[in-house]
2 protein chains.
Amino acid sequence: MGVTIAENQPVERRKKIAKILAEKGTNTGFCAIHNFLDHFATKWSMLVILHLGLAGKPRFNELKMSVTGISQRMLAVTLRSLESDGLVTRTIHPEIPPRVEYELTALGRSLLDVMMSLGEWANRHAEEILKARKKASRLN
Amino acid sequence: MGVTIAENQPVERRKKIAKILAEKGTNTGFCAIHNFLDHFATKWSMLVILHLGLAGKPRFNELKMSVTGISQRMLAVTLRSLESDGLVTRTIHPEIPPRVEYELTALGRSLLDVMMSLGEWANRHAEEILKARKKASRLN
DNA sequence: CGGTATCCTTGGAGATACTG
DNA sequence: CAGTATCTCCAAGGATACCG
């Protein structure tokens, strides 16, 4: 039909992307996606959310053990951040020794869904990407 | 039925998460999700992918103009990374002045879908998160 | 136009030690 | 157990200048 590849791309999708990237409220200069990425586009946030989804209501040290490679400090920092963003609740049980449980909120669980899509994509295409990388490095 | 909240969470979902987080090939110690996040969990990768999805086959400076706040250096670095991962193609048109076009590969487009879910989540819940943050900062 | 090269700063993040 | 505090270091990334 003489349409270019770009035109072939569903208009609907372009509209969606445009909406995602739109700066909301030009007066504030606030951009939702920038704001989001500044806070969540970190390895640890994503991993902690996934592990919280897996574990249910883990304690601090349970999380620390399961999230491979995370330091005590980064786990604490990440959890505080998620908590203040309303994604995670922190429940202190007044016992000795102290017991603290973390759990995803409804908001957190909705983000978990998205993180899972991301994780599934990563698993599905891991080899493909690795292959591309090796090819690219050979060309250097 | 006397099931706890944790048990209430679909078993299917837990299985999925476990699979995502599984270390593949214990001999290599290779974990797909870690590997993925190390490369893609950056603001610029995600934004560039979205803008590529929006624009189709933009030129370098078109991208630079549309991706708010990105420096020339980071755009170049990000594009080279995406290219070596097989997500983006780079087409040089031998003209004067030179013209270079970037475009998502099929693999890149499949990641775009995931990035869009992420972006839509960010838009949908931006206010909610902002509110939670304000509340948290008031408690300090 | 479409980049590299270089310098330089900042903050992300590990290691270690201490505490309610 | 579940953190905080402090020090430190490295690399992500901005600014600037130059090149094919």
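To find a chain, count down the sequence lines: A is the first, B the second, and so on, and within it residues start at 1.
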Quiz prompt | Distance in angstrom units between B:Tyr102 OH and C:dG2 C1', rounded | solution = 7 Å
Quiz prompt | Distance in angstrom units between B:Glu101 CD and C:dG3 C1', rounded | solution = 16 Å
Quiz item: Any donor and acceptor pair, going by atom type alone, linking the side chain of B:Ser81 with main-chain N or O of B:Val77 inside 3.5 Å?
Solution: no
Practice problem: Provide, to the nearest angstrom, the distance between the CH2 atom belonging to A:Trp44 and the P atom belonging to C:dA13. | Solution: 9 Å
Quiz item: For A:Asp113, does its backbone N or O pair with a side-chain atom of A:Ser117 as donor and acceptor, under 3.5 Å?
Solution: yes
Exercise. Look at A:Arg99 together with A:Glu101 and state whether they make a salt bridge at an N to O cut-off of under 4.0 Å.
Key: yes
Exercise. Walking along DNA chain D from 5' to 3', note the first and the last nucleotide with an atom under 4.0 Å from a heavy atom of chain B, and give both.
Key: D:dG13 to D:dG20
Quiz item: Tell me, do A:Thr68 and A:Leu47 make a side-chain contact under 4.5 Å, heavy atoms counted?
Solution: no
Practice problem: Mark up nucleotides 15-20 of chain C, 5' to 3', with B wherever a protein heavy atom is under 4.0 angstrom from a base atom, S wherever such an atom reaches only the sugar-phosphate, and - elsewhere. | Solution: B-B--B
Quiz item: Is a side-chain N or O of A:Thr105 found less than 3.5 angstrom from the main chain of A:Leu87, in a donor-acceptor match?
Solution: yes
Quiz item: When you match B:Ala76 and A:Lys43 each to their closest nucleotide on DNA chain C, which lands nearer the 5' end?
Solution: B:Ala76
Self-check item: Residue from A:Arg90, A:Arg59, A:Lys57 passing side-chain hydrogen bond (donor to acceptor under 3.5 Å, both in side chains) with A:Tyr102
Solution: A:Arg90
Exercise. Return the 5'-most residue of the pair A:Arg90, B:Thr42 with respect to DNA chain D, ranking by each residue's nearest nucleotide.
Key: A:Arg90
Quiz item: Looking only at heavy atoms, which two atoms of B:Ile49 and B:Leu104 are closest? And how far apart?
Solution: O-CD1, 4.0 Å
Quiz item: Starting at CZ of B:Arg59 and ending at C1' of C:dG3, how long is that distance when rounded to a whole Å?
Solution: 13 Å
Quiz item: Between atom CE in A:Met74 and atom C1' in C:dG12, what is the gap in whole Å?
Solution: 7 Å
Quiz item: How about A:Asp85 and A:Phe40: do any of their side-chain heavy atoms sit closer than 4.5 Å?
Solution: yes
